[in-house]
Amino acid sequence: MKYNPQEIEQKWQQRWAADKLYEVTEDNGKPKWYALTMFPYTSGDLHIGHWYAMAPSDVHARFKRMQGYSVLHPMGFDAFGLPAENAAIKRGIHPFTWTMQNIANMRRQLKSIGAIYDWGREVVTCLPDYYRWTEWFFLKLCQAGLAYRAKAPVNWCPRCQTVLANEQVVDGNCERCGTAVIHRDLEQWFFRITKYADELMEHKGLDWPERIKTMQRNWVGRSEGTEISFALDHPGVAEKEIRVFTTRPDTIFGVTFMVLAPEHPLVEKLTTPERKAEVEAYIYRSRHETEIQRLSTEKEKDGVFTGAYVINRLNGRRVPIWTADYVLLSYGTGAVMAVPAHDTRDFAFARKYSLPIEVVIAPPGWQGEELAEAYTEPGTMVNSGQFSGLPSQQGVTAVSEFMEKMGYGKRTVSYKLRDWLISRQRYWGAPIPIIYCPKCGIVPVPEKDLPVLLPENAEFRPTGESPLKYCEPFVNTRCPVCASPAKRETDTMDTFMCSSWYFLRYASPHFDAAAFDPEKVKYWLPVDLYTGGAEHAVMHLFYARFFVKAIRDMGLVAFDEPFTRLFNQGTIIAEHQKMSKSRGNVINPDQYVVELGADVVRAYLMFLGPWEQGGEWDDSGISGVSRWMDRIWSLVLEPYQMKMGASLTERLVECGTTYESTCRDLKRATHQTIRKVTEDIEKIKFNTMIAALMEYSNYLSRVKEMAIVEESEWREAVDTLLLLLAPTAPHVTEELWERTGHSYSIHNQPWPKWDEALVKEEEITLVVQVNGKLRDRITVPASITEAEARQLALDSPKVKTHLAGKDIANIIYVPKRLVNVVVR
RNA sequence: GCCGAAGUGGCGGAAUAGGCAGACGCGACAGUCUCAAAAACUGUUGGGGGGCAACCUCCAUGUCGGUUCGAGCCCGACCUUCGGCACCA
């Protein structure tokens with residue numbers, strides 16, 4: 001009759017599945033709870049990091065279920081993506097086969113966790129009944145005017161003739177062949193996420209970590225400033241101005257040069273013949289740099305003079321136009337007015353190329369001397385015409401107003417956030433449902449023709465084009481409008497598209513009349529608790545929020561935010577590094593599950609430390625949890641025998657207690673534990689929740705040994721232990737619940753409630769200090785008054801020795817805590 | 001460089017409306033059981049000093065200051081580690 005996790009876990013998992021115990025239904029008599037864990041990518045093996053993400057969130061969901069909520073806690077697979085295609089290229093296995101094999105294995109491993117996933121609701125993003133709706137959302141966003149085509153650079157490996165993802169570019173070189181990567185412009189699809197920039201910066205009504213909200217706000221990068229026009233008069237150039245964005249219009253009189261991004265369309269037009277060779281060489285070089293390199297602070301800023309000039313309208317000054325790659329086309333206007341005296345980058349650049357540095361904001365006590373470094377703080381405006389003498393903060397407004405009045409500029413807001421580029425020159429993704437017709441132009445595929453199926457037999461070896469381009473049966477089609485021969489879009493969608501709406505699909509995973517059943521979505525959404533790694537702090541969470549806001553404005557859903565509460569668990573690392581297949585430090589949980597049981601692995605992962613913290617994987621402590629589970633097994637199953645008659649009397653004397661007080665103590669411990677465990681789960685403090693359960697079971701062992709209380713009271717305490725432990729260790733508690741004569745299933749039992757009156761201590765320990773140093777502890781009734789407490793403290797012999805010969809200056813009393821006698 | 005979080009026994013970690021530092025567990029040591037070992041169980045376990053003894057006493061939460069009757073917790077400076085962002089005009 002030993003605890004055999006292998007046997008009981010399989011037994012119960014089969015029984016739960018057969019009985020559909022965790023089948024989810026919409027029960028309008030109950031409040032709903034949508035608990036979502038980020039679905040895994042189909043990498044092939046579930047490692048201990050996945051367990052760390054899944055097991056604790058399952059515990060929380062089970063807890064909510066016992067509390068009487070109708071709970072949706074689904075699972076699925078993020079199944080499109082680059083690794084499948086890489087595996088295909090490397091090993092000649094089709095991405096579909098590779099992905100589905102991995103899913104089969106991961107599903108088996110996921111089932112061993114013993115979670116309440118309703119597998120009937122599984123979602124797999126690479127299957128047509130799912131990506132059909134991903135395509136549908138694309139069309140909806142098109143209709144809403146949120147999709148557009150534009151040229152954008154991609155990483156290009158000239159040797160492999162292929163587009164590379166950022167992660168395939170290592171130090172500016174192709175990870176496969178080491179060739180230097182260049183940027184190449186392609187016509188691609190974008191979503192206008194910037195339209196929602198301001199709303200995305202807010203997190204109204206969201207219970208999210210402050211950290212993540214800050215990161216998202218930084219990602220939007222809103223900055224208020226002024227767009228200023230500089231007069232341009234260049235032979236043969238139609239443009240008569242260059243506009244720059246600045247947050248420091250107060251420094252306008254200190255502009256000594258201007259810098260354009262190398263990609264800026266004016267660079268080519270403005271460059272004078274004698275400068276042409278140098279400028280072109282510079283542009284060519286910058287094409288080779290990744291954005292990371294260009295933006296690196298390590299790199300010395302460099303650039304070249306174009307030979308052209310603009311006029312600063314405020315002082316009529318003619319300033320040279322340079323081009324330098326520290327200016328990005330994607331931010332602001334792609335042009336910067338350089339004020340070397342008051343900007344660190346401009347200062348370094350001016351020094352390097354001997355450009356003038358002119359002070360227009362005087363630091364406190366400035367005597368007209370040259371600056372050793374840029375002065376970026378506020379100060380007094382000098383050498384600034386009619387603005388001289390003004391404090392620079394006021395100058396910002398004053399100059400802007402003047403600019404607006406004169407028509408030289410306007411106040412504006414600039415965002416770091418860029419529109420979402422969703423085109424991927426890949427095979428393994430959802431097709432973009434667009435047809436290019438020579439007569440009608442860009443034609444969306446009609447909704448009734450969805451899904452545009454991904455052809456099975458495409459050639460996905462790198463060719464320099466999207467793999468689908470060479471799949472003629474796919475490419476060649478007819479225009480849905482005029483029926484003339486036309487061609488399909490051959491790029492596929494970013495996989496973040498798939499994960500931007502999967503939480504909606506779970507509400508009605510088999511609904512085939514739409515992406516989701518509005519009634520079901522109304523019932524389940526938004527997600528009440530979303531858990532996952534912090535690495536998705538920006539991209540995934542941001543895109544999903546954008547999606548919801550966009551479809552809300554279409555009237556498809558009635559809520560503003562998809563995830564009400566967000567919790568990020570930490571990362572489990574191994575050998576001081578993140579676990580990954582390529583590093584070969586992946587810890588497979590299967591061995592622990594076979595040897596010690598899923599319940600032990602679940603509990604151990606939660607016991608390790610705070611969930612948000614993660615940490616080094618170290619199995620040296622797992623035996624402690626395993627032993628604990630063994631002890632619970634025998635604690636519950638080995639018979640309880642209360643002492644009777646003379647031997648009871650003897651025992652009471654031995655323990656120095658009474659029957660009544662032992663019963664009261666047991667009740668109190670039970671109710672205190674219910675409260676502690678309930679509150680800890682709610683606060684997601686699983687490690688201390690487990691510690692409280694350990695303490696309680698240790699206490700119950702002592703109670704059992706004393707054998708003073710009635711068997712019925714003993715049973716009640718044991719039942720409570722099992723109920724409190726049920727979310728954490730679902731299998732062993734189910735087994736013990738059955739063996740102690742209860743009816744199936746423990747997981748359908750209500751969560752225990754505590755009685756505040758029973759939680760209260762009758763006696764408390766007062767700490768007595770003298771001058772803040774602990775001198776004695778006294779046990780007193782909880783109802784003690786201040787006067788009594790002071791007196792008892794002063795009566796303490798231990799305290800008296802420290803008071804001898806001194807004057808009492810003050811006595812501090814903190815109710816139920818301490819008495820501090822201050823002496824001099 | 002900037003932003004954020006964190007530094008507590010041999011180890012993972014408890015403890016914040018400022019109030020008993022080290023819960024719970026691992027490891028270690030000792031004991032019980034055993035021919036022996038493993039497992040299990042029981043006990044001890046932050047450091048120094050003192051006492052035959054139940055005990056007494058001093059020092060201890062990265063470092064140095066400060067506020068307070070009282071600081072792991074608050075304030076200032078510094079050191080270290082880990083995350084995130086990175087020329088944003």
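Chain letters run A, B, ... following the sequence lines, proteins first and then strands; every chain starts at 1.
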Distances under 3.5 Å only, N/O to N/O: pair up the protein atoms with those of nucleotides 4-12 of chain B.
residue: B:rG12; atom: O2'; partner: A:Leu608; partner atom: O; Å: 2.7

Interface polar pairs with nucleotides 66-75 of chain B, N/O, under 3.5 angstrom:
residue: B:rC69; atom: O2; partner: A:Asn820; partner atom: ND2; Å: 2.3

What does the list of N/O pairs under 3.5 Å between the protein and nucleotides 15-18 of chain B look like, with a distance for each?
residue: B:rA15; atom: OP1; partner: A:Lys685; partner atom: NZ; Å: 3.4

Chi angles and distances behind the side chain to side chain contact (heavy atoms under 4.5 Å, CB included) call for A:His802, A:Val821: CA-CA 10 Å; A:His802 291 275; A:Val821 184; over 6 Å; no
Show your reasoning for whether side chain to side chain contact (heavy atoms under 4.5 Å, CB included) applies to A:Glu227 and A:Arg411. CA-CA 6 Å; A:Glu227 210 174 279; A:Arg411 268 172 287 195; over 6 Å; no
Step-by-step side chain to side chain contact (heavy atoms under 4.5 Å, CB included) determination, A:Thr412 to A:Thr226: CA-CA 5 Å; A:Thr412 174; A:Thr226 309; 5.8 Å; no
Between A:Asp776 and A:Val767, is a side chain to side chain contact (heavy atoms under 4.5 Å, CB included) present by the stated rule, with each step listed? CA-CA 6 Å; A:Asp776 199 5; A:Val767 167; over 6 Å; no
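Taking atom CZ of A:Arg217 as the reference point, atom P of B:rG84 lies 19 Å away to the nearest angstrom. Here the C1' atom of nucleotide B:rG13 and the CH2 atom of A:Trp611 are 18 Å apart, to the nearest Å. Here the P atom of nucleotide B:rC3 and the CD atom of A:Gln216 are 21 Å apart, to the nearest Å. In this structure, A:Leu605 places its CG atom 15 Å from C1' of B:rG25, rounding to the nearest Å. Regarding A:Met694, its CE atom lies at a distance of 15 Å from the P atom of B:rG13, rounded to whole Å. Rounded to a whole Å, the CZ atom of A:Arg775 is 16 Å from the C1' atom of B:rG19. The CG-C1' distance, from A:Asn698 to B:rC41, rounds to 13 Å in whole Å. Spacing between atom CE of A:Met629 and atom C1' of B:rA40 amounts to 18 Å, rounded to whole angstrom units.
When each of A:Asp346 and A:Pro610 is assigned the nucleotide of RNA chain B with its nearest heavy atom, A:Pro610 is the one assigned upstream, toward the 5' end. When the nearest nucleotides of RNA chain B are assigned to A:Leu774 and A:Met337 by heavy-atom distance, the more 5′-ward of the two goes with A:Leu774.
Between A:Val255 and A:Phe230 there is a side-chain heavy-atom pair separated by less than 4.5 Å. Between A:Pro249 and A:Ile228, some side-chain heavy-atom pair lies under the 4.5 Å cut-off.
Note on A:Lys213: nothing from the nucleic acid sits closer than 4.0 angstrom, heavy atoms only. At the heavy-atom level, A:Asn687 lies under 4.0 Å from the strands shown only through sugar-phosphate atoms. Residue-level contact check: A:His342 touches neither bases nor backbone, having no heavy atom under 4.0 Å from any strand.
Nucleotides B:rG47 and B:rU8 are separated by 14 Å at their C1' atoms, to the nearest Å. Across B:rA37 and B:rC24, the matching C1' atoms stand 30 Å from one another, rounded to whole Å. B:rA23 and B:rG76 have their C1' atoms separated by 33 Å, given to the nearest Å. Across the P atoms, B:rC59 and B:rC64 are found 15 Å apart, a figure rounded to whole Å. The P atoms of B:rC33 and B:rA28 are separated by 22 Å, rounded to the nearest whole Å. Atom name P, nucleotides B:rG22 and B:rC79: the rounded distance is 33 Å, in whole Å. Rounded to the nearest Å, the gap between the P atom of B:rC73 and that of B:rA6 is 13 Å. Here the separation of B:rA71 from B:rA21, taken at their P atoms, is 11 Å to the nearest Å.
Residues meeting the ring pair (Phe, Tyr, Trp, His ring centres under 6.0 Å) test with A:Tyr696, sequence neighbours left out: none. Evaluation of the ring pair (Phe, Tyr, Trp, His ring centres under 6.0 Å) rule for A:Tyr592 yields A:Trp617 as partners, not counting sequence neighbours.
Nearest to the side chain of A:Lys798, among B:rC56, B:rC26, B:rA89, sits B:rC56. Considering only the side chain of A:Met215, B:rG84 comes nearest among B:rC85, B:rU57, B:rG84. Of all nucleotides listed (B:rA86, B:rU57, B:rA89), B:rA89 comes nearest to the side chain of A:Val327.
At a cut-off of 3.5 Å, with distance as the only test, no side-chain donor of A:Arg631 or A:Ser701 sits close to an acceptor on the other residue.
Considering A:Val770, A:Thr801, A:Asn820 in turn, A:Val770 is the only one that fulfils the side-chain contact (heavy atoms from CB on, under 4.5 Å) rule with A:Arg775.
Residue A:Arg631 has a polar side-chain atom (N or O) positioned under 4.0 Å from OP1 or OP2 of B:rC41. Taking side-chain N and O atoms only, A:Ser223 has a distance below 4.0 Å to OP1 or OP2 of B:rA89. Of the side-chain N and O atoms in A:His536, none sit less than 4.0 angstrom from OP1 or OP2 of B:rG84. Neither OP1 nor OP2 of B:rA89 sits under 4.0 Å from any side-chain N or O of A:Arg243.
A glycosidic torsion no more than 90° from 0 defines the syn conformation; B:rG65 lies beyond that range and is anti.
How far NE2 of A:His264 is from CG of A:Leu270: 9.0 Å, rounded to the nearest 0.5 Å.
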Dot-bracket summary - RNA chain B, pairs being Watson-Crick or G-U whose distances fall under 3.5 Å, with | when paired to another strand: (((((((..(((......[....)))((((((.......))))))(((((....)))))..(((((..]....))))))))))))....
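Annotation: A:Gln591, atom CD; neighbour count of heavy atoms from other residues, nucleotides and ligands within 6.0 Å is above 12.
The aromatic ring centres of A:Phe567 and A:Trp208 sit 6.0 Å or more apart.
The main-chain N or O of A:Arg248 is found under 3.5 Å from a side-chain atom of A:Thr246 such that the two form a donor-acceptor pair.
The cationic atom of A:Arg418 (NZ for Lys, CZ for Arg) does not lie both less than 6.0 Å from the six-membered ring centre of A:Trp219 and within 45° of the ring axis.
Taking the six-membered ring where the residue is Trp, A:Phe496 and A:His540 present parallel rings, their angle staying beneath 30° rather than reaching 60°. Ring geometry for A:Phe245 versus A:Tyr331: interplanar angle over 60°, hence perpendicular rather than tilted (30 to 60°).
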